Participant: 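Attaching a single structure in structure tokens format; questions to follow.
For clarity, every value in this text was computed on a predicted model and none was experimentally measured.
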Amino acid sequence: MKHQKICPREAEVQAQTKEPLYAKLLRAAKVATEDAASVADILRASLNKVCDCTQWPFAHARILTAGNELGGRSTKEVWRVPFLDPRRFRDRALRMNRLRSGIDWRMQMVTSARPAVLYDLEHELDHKGQHAARELGLRSALGMPILAGESVTAVCEFFSCDVIPQDVLCEEVFAVIGDAIAHAIEMKQARELLREMTGRLLTLQDDERRRLAGELHDTTGQNLSMLVLNIDLLAREQFPPEEMHAKLIECGDLARTSLQEVRTFSYVLHPPLFEELGVFSALRTFIEGFAERSGVLVDVELPDRSIRVPRDLETTIFRVVQESLSNVHKHSHSATARVRIAVNPEGVFINVEDEGTGLPPSAELTELPAKIGVGIGSMQERVRHCGGRLQLHSRGAGTQLEVSLPIRQAAQTATA
């Protein structure tokens, strides 16, 4: 590259005179990233603020695709073109991408994750790029990558009608600005993801409450209604002793059934053994009760009762097994089931199998909540929250659910 020659003393003086401008740039970039409503708005505000401070006429930002591609229909672009047709500018600006050596300077910037300055477009670009720069009256360009972690998620480009002087401090300032924009984008995306997950969890919670309300209405509610009716009849009517005795026995049966159902609901919503003995003891008791109530023969292999894992992970383990067995009883109609849970330093591994009707061959995991209830969606959200993975396999006759939960990730989530 051909750089403008500046003697050391002159470079030092120029750097000192530019320090107020650099401070202003940093403040402007901070303001631009605070109130933007979206990623595109963050980039647009940042382009405008930088151009206002530097008097650079044109700027351009690209939000890269998943494969760090700079082109393609999926690429989102933001333009700062105050006095030209954006499409006309775009057609010319896109031609200013290759150096004389044939290297794509934008891709070079994506690879190095560092700002890049083209001090003299007339000499540094290839023939097409030089011609486009002359048409637009541009002399210099500065590129700034935006990183998310170690990956470049966007590239900002600024174009000047004057020669940008060689200045290491300038590149460092723009590296800091890029970091500030990247942090703002990460925070914005994290908030959007949190809102999305919160919405899904609230929907699943409402569906679960609706299901529980339906079950209470159809079982416990009906039993209590019959109990109240019998008591009213006994209070109003004169029955022979034998018939009155039968009615009282029926009332007792209805009351005991309702009491058992309430206790079952209470246990399912929050097993009391959780705090005292841990999830594996609670699971043994739950599975024994499930097998007794449903008639499903469950083969169980659980870790030792003394093993404890983080609290959030215990809840996820219990809910996964609980919902899996519920699906075995309600949807697969299998007479048997197998529950295997293993714990090692890497994580917790859950395997639930049945020999029932299985899932449709074309069923996708994302479609399953609509097909077999809200439980699969709830399990997915819980497992994802713990940093784990959930997989379903169906052989046509029988279904296998596999869940892996990293203990380290879960411990961090629980203490965050």
Side-chain angles (χ1 to χ4, degrees), residues 1-8 10-26 28-29 43 46-62 70 77-84 86 88-146 154-178 181:
M1 292 185 182
K2 182 178 179 181
H3 302 308
Q4 184 179 4
K5 293 183 179 180
I6 303 176
C7 66
E10 183 181 353
E12 182 180 345
V13 172
Q14 286 192 10
Q16 291 175 352
T17 58
K18 288 180 179 291
E19 284 180 3
L21 171 63
Y22 294 155
K24 184 179 178 183
L25 271 171
L26 292 172
L43 292 171
S46 300
L47 297 185
N48 289 333
K49 289 292 186 181
V50 170
C51 288
D52 289 343
C53 289
T54 59
Q55 299 301 307
W56 292 340
F58 307 127
H60 172 225
R62 302 180 184 203
L70 286 168
E77 298 181 303
V78 178
W79 300 89
R80 149 84 183 209
V81 188
F83 51 85
L84 278 182
R88 178 188 168 198
F89 174 78
R90 179 184 186 279
D91 293 340
R92 288 159 176 75
L94 292 181
R95 298 204 302 265
M96 295 187 292
N97 66 316
R98 291 197 174 276
L99 303 175
R100 289 179 119 185
S101 61
I103 297 174
D104 188 318
W105 72 282
R106 291 168 180 141
M107 279 305 304
Q108 187 179 45
M109 181 169 44
V110 170
T111 303
S112 67
R114 290 285 302 170
V117 182
L118 302 183
Y119 296 99
D120 190 344
L121 299 178
E122 182 66 28
H123 291 89
E124 295 185 44
L125 293 177
D126 64 5
H127 179 72
K128 287 197 304 182
Q130 292 175 21
H131 183 69
R134 283 195 298 269
E135 286 183 323
L136 294 170
L138 300 176
R139 296 286 303 278
S140 303
L142 183 147
M144 179 176 66
I146 308 299
V155 173
C156 297
E157 303 161 11
F158 302 92
F159 300 93
S160 173
C161 297
D162 300 317
V163 175
I164 298 176
Q166 184 178 2
D167 185 352
V168 175
L169 181 58
C170 174
E171 294 186 31
E172 293 297 328
V173 167
F174 274 91
V176 173
I177 293 174
I181 297 173

Participant: Provide the closest heavy-atom pair for Met96 versus Leu136 in the form atom of the first, atom of the second, distance.
Facilitator: CE-CD1, 4.1 Å
Participant: Could you tell me whether a side-chain N or O of Ser160 sits under 3.5 Å from a main-chain N or O of Trp56, the two making a donor and an acceptor?
Facilitator: no
Participant: How long is the straight-line distance from CG of Leu125 back to CZ of Arg100, given to the nearest 0.5 Å?
Facilitator: 9.5 Å
Participant: Taking all non-hydrogen atoms of both residues into account, name the closest pair between Leu99 and Gln108 and its distance.
Facilitator: CD1-OE1, 4.2 Å
Participant: Indicate the ring-plane relationship of Phe89 and Trp79, choosing parallel, tilted or perpendicular according to the 30° and 60° boundaries.
Facilitator: perpendicular
Participant: Looking at CG of Asp120 and CZ of Arg139, how far apart are the two atoms once the value is rounded to the nearest 0.5 Å?
Facilitator: 6.0 Å
Participant: Roughly how far, to the nearest 0.5 Å, is NZ of Lys128 from CG of Leu94?
Facilitator: 10.5 Å
Participant: Please report the closest heavy-atom contact between Glu157 and Arg62, naming both atoms and the distance.
Facilitator: OE2-NE, 4.2 Å
Participant: Enter the distance from Ile146:CD1 to Leu43:CG here, rounded to the nearest 0.5 Å.
Facilitator: 6.5 Å
Participant: Search all heavy atoms of Pro57 against all heavy atoms of Phe159 and return the closest pair with its distance.
Facilitator: CD-O, 3.1 Å
Participant: Tell me the closest heavy-atom pair linking Arg114 and Met109, and the distance in Å.
Facilitator: O-CG, 3.2 Å
Participant: Give, for atom CE of Met107 and atom CZ of Arg98, the distance between the pair rounded to the nearest 0.5 Å.
Facilitator: 10.0 Å
Participant: Would Arg80 and Asp52 count as a side chain to side chain contact (heavy atoms under 4.5 Å, CB included) if you check the C-alpha gap in whole Å, the side-chain angles of each, and the deciding distance to 0.1 Å?
Facilitator: CA-CA 11 Å; Arg80 149 84 183 209; Asp52 289 343; 3.4 Å; yes
Participant: Measuring from Leu118:CG to Ile164:CD1, what's the distance to the nearest 0.5 Å?
Facilitator: 8.5 Å
Participant: Which pair of heavy atoms, one from Ser140 and one from Tyr119, lies closest together, and at what distance?
Facilitator: OG-O, 2.8 Å
Participant: Would you say that Arg92 contacts Leu138 through its side chain, given a criterion of any heavy-atom pair below 4.5 Å between the two side chains?
Facilitator: no
